[in-house]
Amino acid sequence: VATNVEWGGNSVEIGYTLAPAARGHGIVTEAVGAVVDALIGGGARRVRAETHPDNVASLRVLERLGFDEEGTDVGAYWVGDPPDEIVSDNVRYGMTAERRKAWLDRPLQPPAEVTLVELTNDSARTYGGLATHRTQRAFVSPMANSFRDALVPPVNDAGELVVPWFRGIEADGVAVGFLMVADVSPTEPDPMLWRLLIDRWHQRRGIGESVILEVAAMYRARGCRRLLTSYGQGRGSPEPFYARLGFVPTGQIEDGEIVAALDLAS
């Protein structure tokens, strides 16, 4: 692992690279995390980093360490000279010493209680602020899209409006996620897990699995035989997560996504 550090008053910019043969083992995350903590321990108030928007591996390193995405500089990076120069955007990440401490202190253990709650006028703003990591947005719709579809649902293949059933997800009384199901109807006997978002500060705690098991039990009690979902493919796809819970691809593709089903009858 190679890192470089540029001091600028209380703010520090870091960069890093890793030999190709050593990639995929979490080495760079551990190394950069140690550098960040050493810098903050030495008095740095803020650490920042920049990377290409398509460099998913680098983005995920910063996300795992608790960096906040702060924006994108459009056309800010270029290599070579016209007419052959390559121009790209630059994604900016940053983290204060206080945010790093909060990230390290966040709950990591499974919650004692996971509950599905109705959204209210007072709680909608809190749930609307939940968000995944940048690298997960290709697979998980942001809250603004979910609220839009809940308010103005689309039409299904039979020409009927989809019936959205949605709930906030609480873990030990804290808002941590959002769930929405396309409910059963006369032409749609199988409920479709439409949206599942767990906020980036509460991932890897088993919350998503608890929610799906609860939803599956609810629809099993209603006599439904399958719970459907769909997902895209690629690095960071939730496909392994759903496969681990027993979802099996049906062979159907919907809006470019694989449709999978969980058997509720067995």
Side-chain angles (χ1 to χ4, degrees), residues 114-132 134-170 175-199 207-234 236-266:
V114 176
T115 54
L116 300 178
V117 298
E118 291 191 44
L119 271 64
T120 66
N121 186 285
D122 292 333
S123 67
R125 185 180 297 274
T126 296
Y127 283 97
L130 301 179
T132 63
R134 175 191 175 96
T135 57
Q136 296 170 327
R137 292 181 201 158
F139 307 103
V140 182
S141 291
M143 285 302 304
N145 289 1
S146 293
F147 278 176
R148 177 202 64 199
D149 290 337
L151 179 65
V152 187
V155 176
N156 64 21
D157 293 338
E160 296 179 337
L161 284 175
V162 172
V163 180
W165 182 88
F166 55 92
R167 291 292 187 271
I169 304 170
E170 284 189 358
V176 299
F178 178 81
L179 163 84
M180 185 157 68
V181 178
D183 209 351
V184 296
S185 71
T187 60
E188 297 289 347
D190 298 320
M192 166 71 82
L193 180 60
W194 189 2
R195 299 284 162 76
L196 177 61
L197 181 150
I198 305 299
D199 186 77
I207 296 171
E209 179 176 350
S210 295
V211 167
I212 290 178
L213 292 176
E214 181 173 345
V215 170
M218 179 183 74
Y219 281 104
R220 185 180 294 112
R222 290 176 57 179
C224 297
R225 300 183 62 84
R226 301 192 303 173
L227 174 64
L228 303 178
T229 193
S230 66
Y231 47 75
Q233 290 185 296
S237 167
E239 181 176 9
F241 166 75
Y242 287 116
R244 189 171 70 251
L245 294 179
F247 283 85
V248 178
T250 64
Q252 180 183 355
I253 303 295
E254 185 174 301
D255 295 331
E257 295 189 342
I258 294 172
V259 177
L262 177 67
D263 184 8
L264 302 180
S266 58

Any chance you could lay out the side-chain contact (heavy atoms from CB on, under 4.5 Å) test for D190 and L227, step after step, and finish with the verdict? CA-CA 6 Å; D190 298 320; L227 174 64; over 6 Å; no
Applying side-chain contact (heavy atoms from CB on, under 4.5 Å), run through I169 and Y127 and close with a yes or a no. CA-CA 9 Å; I169 304 170; Y127 283 97; 5.5 Å; no
One pair to check against side-chain contact (heavy atoms from CB on, under 4.5 Å): V162 and M192. What are the steps and the verdict? CA-CA 10 Å; V162 172; M192 166 71 82; over 6 Å; no
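From R137, atom CZ reaches atom CG of L197 across 11.0 Å, with rounding to the nearest 0.5 Å. Considering OG1 of T132 and CG of D199, their distance stands at 8.5 Å, rounded to 0.5 Å. Between atom CG of residue L196 and atom CZ of residue F178 there is a gap of 10.0 Å, rounded to the nearest 0.5 Å. With values rounded to the nearest 0.5 angstrom, D157 atom CG is found 7.0 Å from E188 atom CD.
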Let me have the donor-acceptor pairs involving side chains of residues 139-155, under 3.5 Å, with sequence neighbours excluded, atom names and distances please.
residue : atom : partner : partner atom : Å
S146    : OG   : R195    : NH1          : 3.2
D149    : OD2  : R195    : NH1          : 3.3
D149    : OD2  : R195    : NH2          : 2.7

Side-chain donor-acceptor contacts of residues 218-225 below 3.5 Å, not counting sequence neighbours, with atom names and distances?
residue : atom : partner : partner atom : Å
Y219    : OH   : D183    : OD1          : 2.9
R220    : NE   : L264    : O            : 3.0
R222    : NH1  : D183    : OD1          : 3.4

Review item, side-chain donor-acceptor pairs of residues 237-246, under 3.5 Å, at least two apart:
residue : atom : partner : partner atom : Å
S237    : OG   : G232    : O            : 2.5
S237    : OG   : E239    : N            : 3.1
E239    : OE1  : Q233    : NE2          : 3.4

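Shown here for P189 and V184, the closest heavy-atom pair between the two residues is O-CG1, 3.3 Å. In terms of heavy atoms, R226 sits closest to T250 at NH1-CG2, 4.0 Å. Of all heavy-atom pairs between A175 and L130, the closest is O-CD2, 3.9 Å. Between L228 and F247 the shortest heavy-atom distance is C-CE2, 4.3 Å.
Distance alone, capped at 3.5 Å, is enough to place a donor-acceptor pair between the T229 side chain and the L193 backbone.
No donor-acceptor contact under 3.5 angstrom links the side chains of T126 and S123, judged on distance only. A donor atom on one side chain and an acceptor atom on the other are not found under 3.5 Å apart for S230 and E254.
The closest side-chain heavy-atom distance from L116 to V215 is below 4.5 Å.
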